[in-house]
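Scroll down for the structure; my scribbles are underneath it.
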There are 2 protein chains.
Amino acid sequence: MAKSGTASGVSATGSERSAVTRRQLVNAAVETLKSDGYAGASARTIAQRAGVNQGLIFYHFGSVASLLLAALDAVSEERLERYDAEVSAAIGPSQLVDAAEGIFRNDLDAGYITVLVEMIAGASSTPGLGSEVAKRIRPWREFAQSTIEGSLRNSPLHGVLPAPDIAYAVVALYLGLEMLSHLEGDPDPALALFVHAKRIAGLFDAMPSTTSPEESP
Amino acid sequence: MAKSGTASGVSATGSERSAVTRRQLVNAAVETLKSDGYAGASARTIAQRAGVNQGLIFYHFGSVASLLLAALDAVSEERLERYDAEVSAAIGPSQLVDAAEGIFRNDLDAGYITVLVEMIAGASSTPGLGSEVAKRIRPWREFAQSTIEGSLRNSPLHGVLPAPDIAYAVVALYLGLEMLSHLEGDPDPALALFVHAKRIAGLFDAMPSTTSPEESP
DNA sequence: GTCTATACTTGGATAGAC
DNA sequence: GTCTATCCAAGTATAGAC
């Protein structure tokens, strides 16, 4: 089957070995960012967690920063996929808030947003990293924006509050809530906000499409 | 006048020298956190900026982390003082939003919230730092809470939205907006939010005290 | 009491082994 | 192509000079 793979032995081709090592390093980088933060994510710390020689980071990724970006990529991809599935199943404002709460709880447990926060904050200390991190956060903002746009279309708020601005605020709030929850070691105050949000969203559930029916001229 | 100070010369007493050095180090620590982030705030970097020997950090503060906490203290104190002055001059919701915008603009320019964000994110990498940072953020949350409480008292939202929860969200949003603005190098999306906030706040300006007049039984 | 010179540890990066 | 041993820079901390 494989072009040059081993049929059943323990040895592997170079590219297989490479892929395994890279994956181990990316996973270890994610875990290290979660537990030790950006400042604690050194080549040695990550490599030790991955169980490989520290020099491999530079061979496979060129620098620690590049590995951390790969870790951010891995998290982003996985998260966005999940978000998409959960949110697209939601119908109406209050179900959307429910989905958002589920996502937030899950992220908080898994520490995914911590990775994001650490990379944003850590970018200050590594020249050129900021724009790379910003590039990888754009999909999250776009996801938030299109979700909000869809929800706003059938709402009396349509036209009053532009979706891009709200999306920006939602992402910012999400990051901030994660920071505070993580710092205080207590997610309850953040989670309480979802209760209020759901109550308010419920007010809009009953009144779909209060805007003028003519959308396009 | 001074117990053992020099009358007019260039030399100074021990305690004066100490105070000068400490102040230089604290200022340099603040600047370093702003420009290089937590990960870049090493003893060497800070001391170089302060123009003093690197070992003095350990003599005067015991550790780099303690110096950084002193830097956070200095910023917190200065900021809270200013906030208090600006906010207490505001009357009514829309003036409050105006004050908040002024504060946010100023903080963004001066980089004060960056210091806060870097310390929160950096706390993950230094054992025991998290609770110390949390302790120093509590006054900010309390300030936000009492401000919001005062504004909410004469509002129809009184009783619907509890002030502590809103205060938590406001602080989180503030931190998140700073992070994103700083990362993207563009404060406009964040500032646009204040325009919307002001418009919404204006709706409440005209309707003071719509709750039942009986406050205490 | 204040500070400097020095010791030792950890981190990033690469030359060369396999 | 993949990895390890090694180099040098940067980091924290302190013993001892002033």
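Atoms considered below: every heavy atom in the structure, side chains included; atoms not considered: hydrogens, waters and symmetry mates. These numbers were taken from a predicted model, which means no experiment stands behind them. In what follows, every chain begins at residue 1, and chains take the letters A, B, ... in the order their sequences are listed.
- Donor-acceptor pairing under 3.5 Å is lacking for the side chains of Thr21(A) and Tyr59(A).
- Of the candidates dC3(D), dA13(C), dA13(D), the closest approach to any side-chain atom of Ser63(A) belongs to dA13(C).
- Note: CD1 (Ile46(B)) to P (dG11(D)) measures 10 Å, nearest angstrom.
- Nucleic acid contact for Val52(B): none, since no nucleic acid atom lies under 4.0 Å from a heavy atom of the residue.
- Between Ser18(A) and dG1(D) there is no side-chain N or O to OP1 or OP2 distance below 4.0 Å.
- Distances shown here put a side-chain N or O of Thr21(A) below 4.0 Å from the OP1 or OP2 atom of dC3(D).
- Ranking dC3(D), dC3(C), dT12(D) by closeness to the Leu56(B) side chain, first place goes to dC3(C).
- Ranking dT12(D), dT2(C), dT4(D) by closeness to the Asn53(A) side chain, first place goes to dT4(D).
- Of the candidate nucleotides dG12(C), dT4(C), dC3(D), dG12(C) has the atom lying nearest to any side-chain atom of Ser42(A).
- To the nearest angstrom, P of dG12(C) lies 17 Å from NE2 of His60(A).
- In this structure, Phe58(A) places its CZ atom 19 Å from C1' of dG1(D), rounding to the nearest Å.
- The nearest whole Å value for the distance from the CD1 atom in Ile57(B) to the C1' atom in dT4(C) is 14 Å.
- Atom CZ of Phe61(A) and atom P of dT14(C) are 17 Å apart (whole Å).
- Closest to the Gln54(B) side chain, of the nucleotides dA13(D), dT2(D), dT4(C), is dA13(D).
- Counting to the nearest Å, the P atom of dC18(D) and the OH atom of Tyr59(B) are 17 Å from each other.
- Note: Tyr83(A) and Phe143(A) have tilted aromatic rings, judged against thresholds of 30 and 60 degrees for the angle between ring planes.
- Following rounding to the nearest Å, Glu16(A) (CD) and dG1(D) (C1') show an atom-to-atom distance of 14 Å.
- The shortest distance between the side-chain N/O atoms of Arg17(A) and the OP1/OP2 oxygens of dC3(D) is below 4.0 Å.
- Between the CG atom of Leu67(B) and the P atom of dT12(D) there is a distance of 11 Å, given to the nearest Å.
- Put simply, the residue from Leu68(A), Val115(A), Ile46(A) that forms a side-chain contact (heavy atoms from CB on, under 4.5 Å) with Thr32(A) is Ile46(A).
- In this model, a side-chain donor or acceptor of Arg44(A) finds a partner on the base of dG12(C) within 3.5 Å.
- Under a 3.5 Å cut-off, the side chain of Glu16(A) and the backbone N or O of Thr13(A) do form a donor-acceptor pair.
- One N or O on the side chain of Arg199(B) and one on the backbone of Val160(A) form a donor-acceptor pair closer than 3.5 Å.
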